[in-house]
Amino acid sequence: DSGVTQTPKHLITATGQRVTLRCSPRSGDLSVYWYQQSLDQGLQFLIQYYNGEERAKGNILERFSAQQFPDLHSELNLSSLELGDSALYFCASSVPLGGGQETQYFGPGTRLLVL
Amino acid sequence: GNSVTQMEGPVTLSEEAFLTINCTYTATGYPSLFWYVQYPGEGLQLLLKATKADDKGSNKGFEATYRKETTSFHLEKGSVQVSDSAVYFCALSDSRDTGFQKLVFGTGTRLLVSP
């Protein structure tokens with residue numbers, strides 16, 4: 001158990017819908033990273049929040065957005081869903097360290113199926 | 001851009017066989033290197049890491065050495081067990097900034113160990 005929790009574990013929805021994925025980081029971790037794992041694209045970085053502020057963006061679609069709340073939990077919002085959005089979505093958290101020493105701890109993931 | 005290349009799987013071995021999973025990388029700057037493991041139905045777990053050239057990361061009998069001259073970080077284990085069956089991901093982070101360390105992953109290599 002990494003200490004990172006994600007809810008829900010599974011989500012089935014229809015095209016055009018909107019969903020929210022939730023992530024609670026390990027106690028004390030200020031950074032939250034979101035990744036998408038799909039069969040065709042592999043594991044890709046989506047977005048990072050650090051102490052409530054957006055820090056970095058990767059291959060995140062405009063239909064997707066995220067935020068980090070004062071208690072440091074984070075939510076990933078996916079809207080106007082398409083079949084191709086079906087994937088496993090991971091969040092990871094870390095304590096900010098410099099010099100390449102930072103280690104990310106991953107949650108169990110949310111499996112999204114868009115029908 | 002930064003990238004990680006892993007050997008194609010699946011790798012199929014008998015119990016107690018020697019394991020090597022190749023990983024090479026392309027990066028600007030001076031990356032940190034990681035191996036993560038994903039067991040069936042679970043999230044990613046950090047297996048080992050190395051943050052500078054010639055560092056050897058090790059955990060649970062697995063080892064990998066950061067080779068800057070060959071830009072490689074091959075994963076090895078002297079004697080695999082059935083319980084090692086999983087997907088192994090090589091990853092890099094090219095930032096040494098505090099609080100910013102997005103990971104770039106390889107495509108993953110599935111390991112199947114039979115009794």
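Quick note on labels: first sequence line is chain A, next is B, and so on, each numbered from 1. The structure presented is a predicted model; accordingly, all values stated were derived computationally and were not measured.
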Q) Which bit of A:Q37 comes within less than 4.5 Å of chain B, counting heavy atoms only: side chain, backbone, both or neither? A) side chain
Q. Which region of A:L43, side chain (C-beta onward) or backbone (N, CA, C, O), has a non-hydrogen atom less than 4.5 Å from a non-hydrogen atom of chain B, or is it both or neither?
A. both
Q) Contact part of B:Q45 toward chain A, heavy-atom cut-off under 4.5 Å: side chain, backbone, both or neither? A) neither
Q. Side chain, backbone, both or neither: which part of B:L46 has a heavy atom under 4.5 Å from chain A?
A. side chain
Q: Go through A:S94 and A:D29 one step at a time and tell me if the side chain to side chain donor-acceptor pair (under 3.5 Å) criterion holds.
A: CA-CA 5 Å; A:S94 65; A:D29 286 0; 5.9 Å; no
Q: Report the residues that fulfil ring pair (Phe, Tyr, Trp, His ring centres under 6.0 Å) with A:F90, sequence neighbours left out, ordered by chain and then residue number.
A: none
Q. Got a sec: does the CD of B:Q81 have more than 12 other heavy atoms crowding it under 6.0 Å?
A. yes
Q) Under the side-chain hydrogen bond (donor to acceptor under 3.5 Å, both in side chains) rule, what pairs show up with a residue in residues 79-89 of chain A, not counting sequence neighbours? A) A:Q36-A:Y89, A:R63-A:D85
